[in-house]
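Have a look at the structure below, then the notes.
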Amino acid sequence: MLHVDGYRPRYFEVEATINTGKPIGGLKANAYVVFDYQSPTDFKFAGVDVSSDKLEIGYRDASGWHVMAQSNARLKPDTDYRLLVAVNGLTVTVVVDGKDVFNLAYEPRVDADGFTHGLNEGLIGLGANNSIARIDDVVVQVLRPETTFEDVESFDDGVADFFAPPSDGSWSIDNGRYVVDALNEQGFAVAGYDFVLNGESLLELETDLTTEGLAGLMFDRTDSQRFKFAALSVADDQVIVGHYTERTGIVVDAVVDVALDSGDIHTLGVSLKGSTVSVSVDGQEQLGYVFNGLNVDGGFGLLSFSTTTAFDSATMRTSDPALAGLGSGENLTATAVGPGGQAAQSSGEDLNDATLDAMLVAATQRMRPYLSPEELAQLDGIDIELAELGGAVLARWTGNTILIDTDAAGHGWFVDTTPLIDEEYHLVDDSSRLLADVGSDAGEQVDLLSAVMHEIGHATGREHQDDGLMATALDEGERRLPEYDAVATAAPVSSALSVDALLRLDPFMAITYQPLQPTTNRHSDQRDHRWSRLFNTKSGTFDDAAKEAVDETVALWQPLAAIDWLLGDDDVLPSLADGDRPLIEWE
């Protein structure tokens, strides 16, 4: 037996190089991986029998070795074979030299107290039955590759993060529960994750649910009328693995009796790898099954054949390397998932790497007055990338990268071509929240600038708040800015800049003034009170600037103190009316 120092999860693998002798002199020619070892006369095994050219899976009890299932293979004695035994809950997969594959589902082991157990709790070892066997290069490995992404959704924030808009049935979130309000014409409701996984990945799903009918987890959905499922049938006290098609309806592939109380919250878990599925209920392994095809290359999510179902939580974890970039961090979400399609096309410039980089620069400039030197240093070297974030998620901070959803959760992004000028918006209830003007391109899409500034907030250690820039959700047609009173904590990062220093930056700097007080219509009020002058850094003098020249500038907006830092002169500006705010722009 092998000493494996540590807990093994539901899915684990054992690899070994095996070589058997010839079946002569009364000897057999077999070699096995032994697992779920409870005693010398109580264990399971999987491996090869060269004398019969078979892959074998079975068990050992007091009466001897019992082969439960066999599969043909071309095997020779005195030949090295690389054997992989993958255990997934109650199912076992045997692979020889990466090509011969064989599966079997065991029944759970039941202890003296009536609790059921999977195959991951006993010891692991190597063995042979009356045979000469040579075994080398043994590896016990857990989850290869390691889990790359995990999401635990409680629905407490009123948003089903990472879920796509329900395409079947009617769903709503009520008091932190994802509730089935109505079924589709075929009699079921599905809420699927907004992900497509590599079919070779490990996928684990878990949910806490209550139901009076048939409900659980759906997977391998290849179209709207074809999927597999694992579900609880509370009325029948059963756990069911099955599949559904429009032609056949519900087909039960495997079933086990389990006491289920109506009205109780039950935890249903599914582990999927290759063609195998293993099902647990309330932490106990109950059922395993092997399908004919892969289980992870289709859609997956929540499923109910009853309107009495409510899901309290949903957890997914996978080893798909394509999701590794999602990492862990804080999500900025839309208040609801958008319709997608044509409505999700971004306005303004194309949403590409260059656009994202430019928006990151602009967002950093707008945040600069409110960040300390230490916080600004944290922004050095961060990246920004597009990603399929799923569901209502707009953006996410992963620790070194800002991830931006490709279509703004189905709403489309407003890509502001002048991200440091808010001419498409007007101020509302406070100085940090703006709404798009009627008829503006920004009105029906989500503001990319606000999303990037929000994630910069996370990058500098800020947490979610109830409102303001760090609110958890962002509406379409809304722009959120940093709180202006935060400038009191900002360090004068540009205090050393002089006119000579400005010469090394850009030849011209425009200075704009505009009222501070909120108005209901910026076009009719605020814009009439904007004045501009152009500072020529070559001559050191101010010249009048036409409004068109200012509109063509790339702007860095900062409060009055920033002008003092940059120019070192309190008298360079004409007098301002009460409440006016000066802003700086570089051409």
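Here, residue 1 is the first one in the sequence, and each next residue gets the next number.
Closest approach of L302 and F311 over heavy atoms only: CD1-CG, 3.8 Å. Shown here for A409 and L394, the closest heavy-atom pair between the two residues is CB-CD2, 3.9 Å. For L205 against M218, the heavy-atom pair with the smallest separation is CD1-O, 4.1 Å. Nearest heavy-atom pair, F188 versus S224, reported as atom, atom and distance to 0.1 Å: CZ-O, 3.8 Å. For the pair L268 and A231, the tightest heavy-atom approach, listed with the atom from each and the gap, is CD2-CA, 4.2 Å. Of all heavy-atom pairs spanning D416 and P419, the tightest one is O-CD, 3.4 Å.
Looking at residues two or more places apart in sequence or on another chain, you find a salt bridge (Lys or Arg N to Asp or Glu O under 4.0 Å) between E375 and R462.
Contact annotation: the side chain of T210 approaches that of R177 to within less than 4.5 Å [non-hydrogen atoms, C-beta and beyond]. Side-chain contact check for L435 versus H426: some heavy-atom pair is nearer than 4.5 Å. For the pair E463 and M470, the minimum side-chain heavy-atom distance is 4.5 Å or more. Proximity of L481 to L469: side-chain heavy atoms (C-beta onward) are nowhere separated by under 4.5 Å. Counting heavy atoms from C-beta outward, V270 and E204 have side chains that stay 4.5 Å or more apart. The shortest side-chain heavy-atom distance between L356 and L351 falls under the 4.5 Å cut-off. Side-chain contact check for T401 versus I384: every heavy-atom pair is 4.5 Å or farther apart. You'll find the side chain of L202 stays beyond 4.5 Å of the side chain of T147, heavy atoms only.
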(request) With side-chain contact (heavy atoms from CB on, under 4.5 Å) as the test, would you mind laying out the steps for D220 and L294 before giving the verdict? (result) CA-CA 8 Å; D220 195 26; L294 294 176; 5.9 Å; no

(request) Give the C-alpha distance, both sets of side-chain angles, the deciding distance and a yes or no for side-chain contact (heavy atoms from CB on, under 4.5 Å) between L209 and I265. (result) CA-CA 5 Å; L209 76 156; I265 297 176; over 6 Å; no

(message) Pair R226, E246 - check side-chain contact (heavy atoms from CB on, under 4.5 Å), show working.
(response) CA-CA 7 Å; R226 187 181 297 272; E246 185 176 19; over 6 Å; no

(request) Mind running side chain to side chain donor-acceptor pair (under 3.5 Å) on D156 and S154 for me, showing each step along the way? (result) CA-CA 5 Å; D156 289 338; S154 64; 3.2 Å; yes

(message) Quick one, S304 with S306, criterion side chain to side chain donor-acceptor pair (under 3.5 Å). Give me CA distance, side-chain angles, the key distance, then yes/no.
(response) CA-CA 5 Å; S304 180; S306 167; 4.9 Å; no

(request) Carefully, step by step, assess L332 and T472 under the rule side-chain contact (heavy atoms from CB on, under 4.5 Å). (result) CA-CA 5 Å; L332 173 66; T472 59; 5.9 Å; no

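Remark: L474 CG to D447 CG distance equals 7.0 Å, nearest 0.5 Å. Between atom CG of residue L214 and atom CG of residue L232 there is a gap of 8.0 Å, rounded to the nearest 0.5 Å. Summarising the geometry, atom CG belonging to L197 is positioned 12.0 Å from atom CG belonging to N295; distances are rounded to the nearest 0.5 Å. A distance of 7.0 Å separates CG in N88 from CZ in R10, rounded to the nearest 0.5 Å. The distance from atom CG of N198 to atom CG of L203, rounded to the nearest 0.5 Å, is 11.5 Å. The CG atom of L403 lies 8.0 Å from the CZ atom of R396; values are rounded to the nearest 0.5 Å.
The number of heavy atoms from other shown groups lying within 6.0 Å of CG (D223) is above 12.
Counting only N and O atoms by type, the side chains of Q445 and H411 include no donor and acceptor under 3.5 Å apart. For the residue pair T418 and E423, a side-chain donor N or O sits within less than 3.5 Å of a side-chain acceptor on the partner.
Taking the six-membered ring where the residue is Trp, Y244 and F227 present parallel rings, their angle staying beneath 30° rather than reaching 60°. Below 30°, between 30° and 60°, or above 60°: for F414 and Y425 the angle between ring planes is above 60°, a perpendicular geometry. Aromatic ring orientation, H454 versus H458: perpendicular (interplanar angle above 60°, classes split at 30° and 60°).
Side chain of E455 to main chain of W397: a donor-acceptor pair is present (N/O by atom type, distance under 3.5 Å, no hydrogens or angles). The main-chain N or O of D320 is found under 3.5 Å from a side-chain atom of T148 such that the two form a donor-acceptor pair. No donor-acceptor distance shorter than 3.5 angstrom exists from the side chain of T307 to the backbone of A182, with no hydrogens or angles considered. The backbone N or O of D475 lies less than 3.5 Å from a partner atom in the side chain of E478, making a donor-acceptor pair. In this structure a side-chain-to-backbone donor-acceptor pair under 3.5 Å is missing from T333 to V393. Judged by distance alone, the side chain of D437 and the main-chain N or O of S440 form no donor-acceptor pair under 3.5 Å. Using modelled atom types, no side-chain atom of T207 and backbone atom of A314 make a donor-acceptor pair closer than 3.5 Å. A donor-acceptor pair is defined here as one N or O able to donate and one able to accept, closer than 3.5 Å; no such pair exists between the side chain of K228 and the backbone of F291. Checking side-chain atoms of W413 against main-chain N and O of D405 turns up a donor-acceptor pair under 3.5 Å.
Of the options F219, F229, Y193, a ring-ring contact (aromatic ring centres under 6.0 Å, His included) to F300 is made by Y193 and by none of the others.
Taking the six-membered ring where the residue is Trp, the centroids of Y178 and F155 are separated by under 6.0 Å. Aromatic pair F162/F149: centroids less than 6.0 angstrom apart.
Ionic pairing of R221 and D168 is present here: one or more N-O contacts between side-chain nitrogen and carboxylate oxygen are shorter than 4.0 angstrom.
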